[in-house]
Amino acid sequence: MGNSEGEYSVIGRPLIKVDAMAKVTGETKFADDLSLPRMLHAKILRSPHPHARILSVDTGPAESLPGVHAVLTGRALPITFGILPVSQDEEALAIERVRYVGDPVAAVAALDEETAEAACRLIRVEYEVLPAVMDLDEALRREDVRIHDYGPRGNIHKEVALTFGDVEEGFAEADYVREDAFFYEGSTHLPMEQHAALAACGADGKLCLWSATQTPHYVHRALAKVLELPASHIRVIAMPNGGAFGGKSDPFSHEIVVCKLSMLTGRPVKICLTREEVFYAHRGRHPVQMWFRTGVTRDGRITAMHFRSYLDGGAYGSYGVASLYYTGALQTVTYQVPRYKFEGVRVFTNKPPCGPKRGHGTPQPRCALEVHLDKIAEHLGLDPYEMRRRHLVPPDSVTVNQLRIGTVGLGECLDRVVERSGWKAKHGKLPFGRGIGLAGSAYISGAGLPIYWNALPHSGVQIKIDRGGGVAVFCGSTDIGQGSDSVLAYVAAEELGIEPEDIRVVTADTDLTPVDLGSYSSRVTLMTGNATIEAGRKLKALLFQVAAEKLGVPADRLRAAHRRIFDRDNPAAGMPFVEAAVLAEARFGTLGAVGSYTPPKGLGKYKGAGVGPTPTYSYSAAAVELTVDPETGFIAVDKVWLAHDVGKAINPILVIGQIEGSVYMALGEALMEEQVFRKGVHKIPSMLEYKSPTFLETPEMESILVETLDPAGPYGAKEVGQGVHLPVVPAVLNAISDAVGVRIDEVPASPEKIAKALENKRRGRAPEAPGNGRLPSVVFPEPVVVQPVGG
Amino acid sequence: MSSTEYAVGKREVHKELIRLRVNGETREVYIPAHKTLLEVLREDLNLTGTKHGCELGECGTCTVLVDGEPVLSCLALPIELQDRDILTVEGLAERGLAHPLQVAFAELGAAQCGYCTPGILVAAKSLLDGNPRPTRDEIKEGLAGNLCRCTGYVKILEAVELAARRMTRQ
Amino acid sequence: MMRLPAFRYVAPKSLAEAARMMADAGPDGMFVSGGTDLYPNMKRLQFDPRILVGLRHLPELQGVSGDPRLGMRIGSATPLHQISLHPAIRARYPALAMAAGSVATPQIRRMGTIGGNLCVDTRCNYYNQSYEWRRAIGFCMKRDGDICLVAPGSPRCVAVSSSDTAPVMMALGATVILAGPDGERSLPAAALYHDDGIAYLAKRPEEILTAILLPPGNGLRSTYWKLRRRGSFDFPILGVAASLCLAGDGTCTDARIVLGAVATHPVEAREAAERLLGRRLTPELIEEAAMAAYGPAKPLDNTDLTLAYRKRMTRVFVSRALRELAGFP
Ligand SMILES: Cc1cc2nc3c(=O)[nH]c(=O)nc-3n(C[C@H](O)[C@H](O)[C@H](O)COP(=O)(O)OP(=O)(O)OC[C@H]3O[C@@H](n4cnc5c(N)ncnc54)[C@H](O)[C@@H]3O)c2cc1C
Ligand code: SF4
Ligand code: FES
Ligand code: FES
């Protein structure tokens with residue numbers, strides 16, 4: 001959908017965000033900033049046991065505490081829910097069983113938060129404690145302790161085995177076959193804003209929920225299901241999110257609970273989770289054990305690849321099935337992989353559920369793959385850059401696992417970071433303690449399939465023009481800080497030839513705005529952008545028709561820009577946008593138009609083929625230079641260069657903002673962040689002990705934008721919010737090896753691990769195996785054999 | 001059960017009339033001593049511009065200025081702050097004219113989700129008031145008590161530098 | 001929102017009144033200065049005093065006075081920020097300025113006081129947790145329970161002394177002044193601490209720490225090295241405070257090395273210091289002393305990073321601190 005004129009008046013400009021002034025003045029209202037007359041406050045009582053049966057719940061003493069208006073238990077909300085139709089395994093409040101410390105059990109609405117909390121402490125719950133399984137190995141070993149009674153067996157939530165082409169043949173062809181194991185620890189999103197929600201059930205029985213959510217549409221569906229209300233009687237408004245990163249994209253217990261409490265009390269009810277509770281809400285990065293076996297020719301061409309992943313999913317399904325498939329899907333879209341086998345398993349454990357965090361399921365395998373390739377290059381005596389560069393996937397091709405590739409800017413990304421970082425003069429040449437590492441990656445620009453099966457558009461936009469020249473854009477998308485409201489304004493302004501500040505954007509309100517599936521899977525710019533273009537062009541056609549008549553110029557010679565509609569060949573002949581709007585309304589009646597977007601269907605027909613396809617892949621490359629203190633193992637990251645194929649930068653400020661934020665988050669994961677448990681309980685559920693980098697850990701960053709103008713994207717644009725996270729973590733690990741000659745095949749690469757590895761090396765001891773030392777023993781099912789397309 | 005089995009009902013709550021000067025306005029609130037400045041700003045004075053991320057002193061989101069110095073409102077008691085000058089993000093702009101820091105943050109995209117922004121803006125104001133042309137390292141040190149999860153901090157550093165340049169030029 | 005449990009706040013006008021108010025309050029009362037340690041702990045219900053006696057504004061407790069040649073006095077309510085910037089302290093007692101300037105965050109250094117820092121509660125990641133968390137894992141003896149979760153066989157609590165300035169005060173040979181209803185007494189800083197994670201202070205509950213006296217700073221070299229994950233926010237998981245006097249020919253005439261965050265109290269590495277006495281500092285001698293400092297460090301698994309690592313780092317940090325003082329690269 002590129003613009004043939006090749007010249008834009010809004011797109012590509014470094015504009016300020018439409019909500020920027022509201023955000024810097026404190027005017028923006030987040031969910032917890034709302035309050036309504038007669039509002040009550042809610043608190044949730046949570047399980048103190050990782051795994052237990054609920055024998056009885058006595059709410060009597062809590063109910064009689066003055067100020068308490070309602071006490072809710074699971075019996076009042078018996079219908080299960082979950083983000084994926086295949087794992088509807090969550091209860092708003094546990095009925096018979098609790099599955100992790102922090103699992104919601106009961107809830108109170110009271111006049112103030114302190115009373116609600118005090119009442120929670122008066123609820124008496126009798127538990128029968130069950131054995132808990134706290135890690136992958138235990139989950140696999142203790143088939144007798146089943147956390148859920150669905151899934152193929154034991155605590156296996158989902159298993160998959162797929163083979164594309166004959167990998168054995170490929171390994172036989174290889175000059176070198178290498179196996180490596182990796183462990184990537186779990187981490188959490190840690191948005192600065194704690195989840196909050198306010199529900200108000202009106203006198204008419206209609207319900208409204210204001211929530212810090214990335215996916216109001218899915219919350220809407222879950223509420224209708226669990227509360228047994230017609231969807232048409234529920235309105236969900238997603239408030240601006242104070243950071244989300246995937247952590248606010250499930251329907252949550254607390255959202256359902258405040259709705260129910262409001263229905264019971266007839267008063268508005270608000271909840272704001274504490275920071276500790278946010279650690280329990282989680283849905284963050286899965287801890288994953290991984291294993292790669294790759295065959296290559298002498299020059300580093302891959303002949304076959306076999307990958308296994310073992311995901312520790314926590315207590316519920318969440319997005320887990322998709323996460324599992326994502327660990328195996330995108331290995332093939334960067335460097336050519338002619339034969340590929342993927343086996344994976346996700347297990348349940350008695351911990352807060354894992355789900356999608358920036359990069360959803362792909363940072364772990366990408367990290368492992370890029371380190372694995374680095375080792376291969378080292379073994380073959382090849383420059384890791386040259387080796388990657390030589391075997392890129394070609395544009396407009398189809399991978400062995402049937403993913404359709406569009407434009408590919410990976411080569412240019414690698415070239416640019418190599419050139420800007422001075423890679424050639426540094427790699428292998430810096431003094432001991434300093435090193436540079438490189439990695440490439442790819443990500444989807446929106447998933448090809450929605451979360452639940454339907455044939456409807458993924459994104460809808462409605463634009464209205466009023467006779468004063470005001471333009472309003474309505475869209476279900478949710479601004480989580482990435483600037484999606486601004487992108488709607490930029491695109492609409494571009495199409496109608498006005499300025500973004502002339503536009504009012506109304507988003508994320510299920511009563512007012514057409515559905516957009518939500519701010520996840522990096523889908524928003526591409527999908528809402530295309531939908532906005534469609535709606536904008538419909539309106540532009542009407543404006544051009546009346547303007548052409550008035551100006552006596554053929555409509556196809558008209559152009560709209562800078563609040564005017566004018567003759568491209570004679571720009572002096574034109575009229576203001578407002579005048580055209582008035583003429584058009586006089587002619588056609590009230591001006592409004594809709595646009596929608598549905599991504600193209602994927603090619604694959606095999607089970608699991610729904611995960612991986614996208615309208616277009618974004619590509620990134622990172623170079624990281626760092627200094628290791630060999631005595632303490634502490635790392636100072638000196639500089640990160642990150643090049644990203646964004647297709648087309650709709651606003652370079654927003655693109656660079658996403659790059660810098662991703663680099664930051666990736667460095668946190670690479671070096672320090674971990675969601676870990678001890679004795680059945682989250683070890684460090686606080687902002688002090690869950691280590692996230694501060695201003696003082698910020699390295700220099702250089703962002704490089706590569707534009708490949710992909711025909712699938714609006715003006716050629718691809719995603720940027722998640723893909724840029726991916727190459728940073730492996731580039732750090734590769735840089736550590738370059739700096740001090742030890743491989744840390746584990747994330748985070750914390751100081752103690754580095755110090756230990758160096759010590760082992762000094763003493764001539766074997767390096768420690770990643771994770772707990774060995775791969776879990778899982779007998780994978782017979783793989784589904786998928787023939788390459790056309791082959 | 002433990003000795004701490006604690007319930008509100010068990011303890012008498014004394015309220016006091018407290019006079020606070022917030023953003024140049026004198027406001028009176030009738031509150032118990034244990035209500036923190038954060039809670040009073042947000043719940044009694046409806047100044048929800050000040051945000052919170054932990055309420056335990058561990059994130060800096062709730063920062064406000066007291067007599068020009070950055071203070072964590074989640075650990076400050078109004079009872080100790082009578083007759084002091086309290087400044088929140090709502091008081092940064094004067095007569096509707098945004099502070100140069102606010103303008104620079106907006107222009108450079110230093111506020112993504114904007115949740116950490118109020119605390120960082122006031123901390124940065126305090127920094128620039130005391131040190132009008134800080135080096136990048138001094139800015140990092142000055143803001144080291146504020147976490148941000150969106151921006152990677154780079155744009156914030158650039159925005160403080162831009163505002164400092166603009167403020168010292170006049 | 002984490003909120004404070006209800007209490008009454010009283011603001012004495014003088015030291016004497018403060019002592020009286022505390023005597024009246026009895027076990028229900030606690031002192032508070034900056035509150036940056038106490039309030040988070042109260043929100044987690046590690047403490048729930050009914051009466052707080054505020055010390056922050058008492059005139060007797062304010063400010064830094066004296067002359068480094070004769071010794072200095074620091075009022076206990078002086079904010080850490082002020083101490084870290086004080087010119088004479090920076091020049092003559094740099095370890096103190098460094099330690100005060102490394103505490104927590106800029107905000108907390110403005111709110112938190114030196115008195116509060118010296119009295120800061122011992123820490124343990126089984127204990128600095130919310131009430132609900134502690135209930136889930138089972139309460140420990142420091143609050144509400146009767147066993148130790150870190151060392152289940154231990155008859156006493158082994159929570160970690162986590163003050164940055166405490167080891168420095170010991171290394172500098174400072175004296176603390178305590179004022180109680182019956183008058184004042186002074187103690188060497190080292191005597192302020194007990195080897196017990198619960199009763200970690202030798203101070204009686206009704207006693208106020210009023211001031212710290214620093215001995216003359218002439219010829220004293222001192223430094224502080226702090227191990228922690230991040231450059232800000234984090235408590236020390238190892239602190240090394242060292243002070244030396246070197247004669248004109250480089251012979252060490254006095255040495256003190258004190259380790260923070262390795263036990264329930266700051267631990268003096270006497271043997272290490274003794275190795276230096278009467279000898280000229282060389283890199284080899286420093287290594288020898290650092291090896292000797294490794295012994296007294298007995299970290300346990302109740303803070304960030306593993307105990308083996310933290311123990312190993314004592315040698316590295318002691319060596320680095322001494323090299324810095326000796327002027328070696
Ligand atoms: C996020 C965070 C990070 C932190 N990081 C660090 C760190 O890196 N290093 C560090 O050392 N500390 C750290 N702290 C702890 C604390 O902030 C500091 O130790 C601070 O100096 C405590 O001083 P205060 O005046 O606020 O103490 P308060 O909280 O007022 O008091 C602490 C204790 O001392 C008692 N007390 C206070 N003053 C007196 C007095 N004059 N006489 C008798 N008893 C008294 C109180 O009753 C209380 O038990 C951190 C705290 C937080 C929240
Ligand atoms: S050391 Fe033991 S007794 Fe002390 S706080 Fe920690 S767990 Fe509790
Ligand atoms: S809310 Fe986190 S420091 Fe106050
Ligand atoms: S802008 Fe989102 S936390 Fe800073």
Side-chain angles (χ1 to χ4, degrees), chain A residues 32 41 43 45-50 100-102 112-114 117-118 120-121 194 196 272-277 279-280 629-634 636 668 671-673 678-698 748 750-756 759, chain C residues 1-6 36 40 43-45 102 104-106 108 123-126 128-140 149-150 152 162 225 227-235 237-238 290 301-317 319-320 323:
Chain A
D32 190 44
H41 297 264
K43 268 277 172 196
L45 175 72
R46 294 170 184 273
S47 167
H49 302 294
Y100 65 96
V101 172
D112 54 52
E113 201 179 11
E114 285 157 296
E117 183 173 32
C120 280
R121 291 187 181 137
Q194 300 141 312
C272 180
L273 303 189
T274 63
R275 177 55 60 186
E276 181 179 345
E277 292 178 298
F279 281 95
Y280 300 147
D629 179 332
E631 266 185 316
T632 64
F634 267 75
L671 301 174
M672 55 181 89
E673 292 183 35
R678 176 177 64 187
K679 301 191 188 197
V681 180
H682 194 302
K683 189 174 170 189
I684 43 170
S686 70
M687 298 207 82
L688 179 59
E689 295 303 333
Y690 180 93
K691 305 297 179 189
S692 71
T694 75
F695 268 96
L696 297 173
E697 282 75 44
T698 306
S750 55
E752 48 204 355
K753 290 178 194 164
I754 294 168
K756 190 77 192 276
E759 169 103 358
Chain C
M1 180 101 81
M2 296 288 283
R3 292 169 198 265
L4 285 165
T36 60
K43 288 185 178 189
R44 293 183 291 245
L45 298 182
S102 77
T105 63
I108 290 177
R123 296 182 64 83
C124 168
N125 60 21
Y126 286 93
N128 297 101
Q129 302 278 5
S130 71
Y131 179 77
E132 267 66 30
W133 190 99
R134 288 182 289 124
R135 189 169 66 165
I137 203 160
F139 295 108
C140 76
L149 296 163
V150 184
S162 303
W225 280 70
L227 177 67
R228 55 170 160 183
R229 246 357 143 97
R230 303 175 292 181
S232 187
F233 288 97
D234 294 343
F235 278 90
I237 48 177
L238 167 68
D301 190 16
N302 55 356
T303 71
D304 186 30
L305 295 174
T306 61
L307 64 116
Y309 174 79
R310 281 183 286 134
K311 182 152 170 86
R312 188 132 37 94
M313 285 308 112
T314 20
R315 187 187 56 70
V316 176
F317 272 49
S319 154
R320 287 183 180 186
R323 295 172 74 97

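Chain A is the first sequence line, chain B the second, and so forth, proteins listed ahead of strands; every chain is numbered from 1.
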Participant: For A/E277, is it the side chain, the backbone, both or neither that has a heavy atom under 4.5 Å from a heavy atom of chain C?
Facilitator: neither

Participant: Out of A/I684, A/D629, A/L671, return the one with the most heavy atom pairs under 4.5 angstrom to chain C.
Facilitator: A/D629

Participant: Could you report the tightest heavy-atom contact between C/F233 and A/L688, atom names first, then the distance?
Facilitator: O-CD1, 3.5 Å

Participant: Which of these passes side chain to side chain contact (heavy atoms under 4.5 Å, CB included) with A/E631: C/R320, C/M313, C/R312?
Facilitator: C/R320

Participant: Only counting residues at least two apart or in another chain, list the ones meeting side chain to side chain donor-acceptor pair (under 3.5 Å) with A/Y100.
Facilitator: none

Participant: Quick one: NZ on A/K753 to CG on C/L305, what's the gap to the nearest 0.5 Å?
Facilitator: 10.5 Å

Participant: Given that the side chain runs from C-beta out, which part of A/Y280 has a heavy atom under 4.5 Å from chain C: side chain, backbone, both or neither?
Facilitator: side chain

Participant: Got a second to check how far C/T105's OG1 is from A/F695's CZ, nearest 0.5 Å?
Facilitator: 12.5 Å

Participant: Donor-acceptor pair, C/W133 side chain versus A/V681 backbone, under 3.5 Å?
Facilitator: no

Participant: Tell me, for C/F317 versus chain A, whether the close heavy atoms (under 4.5 Å) come from the side chain, the backbone, both or neither.
Facilitator: side chain

Participant: Counting heavy-atom pairs closer than 4.5 Å to chain C, which one of A/H49, A/Q194, A/K683 comes out on top?
Facilitator: A/K683

Participant: Check each atom of C/R229 against the heavy atoms of chain A and say whether the ones under 4.5 Å are side chain, backbone, both or neither.
Facilitator: both

Participant: Any side-chain heavy atom of C/Q129 sitting closer than 4.5 Å to one from A/S686?
Facilitator: no

Participant: Please name the pair of heavy atoms, one in C/G231 and one in A/L696, separated by the smallest distance, quoted to 0.1 Å.
Facilitator: O-CD1, 3.3 Å

Participant: Testing the basics here: between C/A136 and A/P48, what is the closest heavy-atom pair and its distance to 0.1 Å?
Facilitator: CB-O, 3.4 Å

Participant: Is there side-chain contact between C/Y309 and A/P751, with at least one heavy-atom pair below 4.5 Å?
Facilitator: yes

Participant: Using a strict 4.0 Å threshold on nitrogen-to-oxygen distance, state whether C/E132 and A/R121 make a salt bridge.
Facilitator: yes

Participant: Quick check: closest heavy atoms across C/T306 and A/E752, and the distance to 0.1 Å?
Facilitator: N-OE1, 2.7 Å

Participant: Roughly how far apart are C/N302 CG and A/R678 CZ, rounded to 0.5 Å?
Facilitator: 8.0 Å

Participant: Please identify, among A/L45, A/T632, A/T694, the residue contributing the most non-hydrogen atom pairs under 4.5 Å to chain C.
Facilitator: A/T632

Participant: For the residue pair A/S692 and C/R230, what are the closest heavy atoms and their distance?
Facilitator: O-NH1, 2.8 Å

Participant: In Å, rounded to the nearest 0.5 Å, how long is the span from CE of C/M2 to CD of A/E117?
Facilitator: 7.5 Å

Participant: Taking the side chain as everything from C-beta on, heavy atoms only, tell me whether C/N125 gets closer than 4.5 Å to A/E689.
Facilitator: no

Participant: Only counting residues at least two apart or in another chain, list the ones meeting salt bridge (Lys or Arg N to Asp or Glu O under 4.0 Å) with C/R44.
Facilitator: B/E58

Participant: Of all heavy-atom pairs between A/K679 and C/Y126, which one has the smallest distance, and what is that distance?
Facilitator: CE-OH, 3.4 Å

